[in-house]
Amino acid sequence: MRIATWNVNSIRARQERLFSWLLAQQPDVVCLQEIKVSKESFPFAELRELGYHAVVCGQKTYNGVAILTRTEPADTECGINDGVEDLQARLIAATVEGIRVISAYVPNGAKMGTNKYAYKLEWMRRLKAYLQHGHTRSDPLVLCGDLNVAPEERDVANPGAWEGSVLFNPEVWALLCEILDQGLIDTFRLHHSESGHYSWWDYRLLAFPRNDGLRIDHIFATPPLAERCISAFIDRDQRQGPKPSDHAPVMADFNWP
DNA sequence: ATGGTTGCTTAGCAA
């Protein structure tokens with residue numbers, strides 16, 4: 001079972017690239033973020049022709065998340081549903097082949113000290129509470145998505161420049177640790193310990209050619225799945241060529257079922 | 001300190 005996550009930065013702008021990538025990589029499950037369309041505008045029919053079901057938590061212009069699956073998904077849940085009024089579509093969950101799959105788009109946070117950063121911290125606390133309810137670390141679950149946090153120094157090309165930013169600071173590390181303490185393991189780090197692997201590069205200032213990136217997109221798995229994770233990688237090639245997203249897809253392969 | 005780029009929408013926001 002191949003599980004992927006990709007912040008596509010608009011599914012409309014990325015449709016051609018997404019479709020050819022699906023054919024090339026043949027993922028069984030794809031968590032998408034920043035689709036930037038409402039459900040009405042989502043390309044359900046075209047994806048069905050490629051063999052994918054889709055569950056969508058859409059939003060016009062900003063945000064929006066989805067999960068594509070080869071087999072029929074069950075128990076779809078759109079949003080955190082904790083009673084907080086939240087107009088931003090940033091989380092969707094569904095069960096696929098016995099795995100609870102979550103596609104999450106953690107708020108970026110803009111700049112330290114802003115309302116957007118406060119919203120990011122609050123959203124991460126709500127995500128932690130969401131994970132605490134309804135399942136345990138012995139349940140097969142993956143938390144996939146753009147977490148907008150680089151966990152460690154080795155996940156940042158230039159740690160000095162990013163230290164203290166919204167993507168890389170002690171406050172978001174602590175919250176990420178609390179989220180991972182719900183029984184989640186970084187599948188990428190099961191297979192790669194070295195620095196130099198990133199999933200996002202700014203569109204500006206030639207960040208990609210300089211490989212000035214950060215690893216902020218993740219596939220976190222509970223032990224039943226992590227034990228069966230046979231490989232993990234970042235599809236860096238998707239950041240190249242015409243009209244790339246600013247994020248590359250991240251993938252993990254599992255011996256499942 | 002600011003700006004650099006892309007996407008959505010059409011001047012300005014978000015990343």
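If you're wondering where the values come from, they're calculated on a predicted model, not measured in any experiment. A, B, ... follow the sequence lines: proteins, then strands. Residue 1 opens every chain.
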Nearest-angstrom distance, [atom1] atom, [N] to [M]:
N      : M      : atom1 : result
B:dA15 : B:dT9  : P     : 15 Å
B:dA11 : B:dA1  : C1'   : 24 Å
B:dT10 : B:dA14 : P     : 14 Å

Mind jotting down which residue pairs meet the ring pair (Phe, Tyr, Trp, His ring centres under 6.0 Å) criterion with at least one end in residues 39-95 of chain A? Sequence neighbours excluded, please.
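Qualifying pairs: A:F42-A:F44.
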Decide, yes or no, whether a salt bridge links A:K120 with A:E171 under the criterion of side-chain N to carboxylate O below 4.0 Å.
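So A:K120 does not pair with A:E171 through a salt bridge.
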NZ/NE/NH1/NH2 to OD/OE distance under 4.0 Å, A:R228 and A:D253
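Between A:D253 and A:R228 there is no salt bridge, as every charged N stays at least 4.0 Å from the carboxylate O atoms.
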Looking at CZ of A:F208 and OH of A:Y203, how far apart are the two atoms once the value is rounded to the nearest 0.5 Å?
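That separation rounds to 12.0 Å.
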Reading DNA chain B from 5' onward, which residue's closest nucleotide shows up sooner: A:W200 or A:N9?
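Its nearest nucleotide lies further toward 5', so the answer is A:N9.
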Closest nucleotide of DNA chain B for A:L205 versus for A:I11: which of these residues is on the 5' side?
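The 5'-side residue here is A:L205.
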Assess the pair A:H197 and A:F188: is the distance between their ring centroids shorter than 6.0 Å?
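Yes, the ring of A:H197 comes within the 6.0 Å limit of the ring of A:F188, centre to centre.
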Over 60° means perpendicular and under 30° means parallel, so classify the ring planes of A:W201 and A:Y198, tilted if in between.
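Plane angle over 60°, so perpendicular.
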Check every strand shown and say whether A:R90 touches a base, only sugar-phosphate, or nothing at a heavy-atom separation below 4.0 Å.
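Touches sugar-phosphate only.
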Any base atoms under 4.0 Å from A:Y105, or only sugar-phosphate, or nothing? Heavy atoms, all strands.
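The residue A:Y105 makes sugar-phosphate contact but no base contact.
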What are the bounds, 5' to 3', of the part of DNA chain B that sits under 4.0 Å from heavy atoms of chain A?
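From 5' to 3', the first and last contacting nucleotides are B:dG3 to B:dA15.
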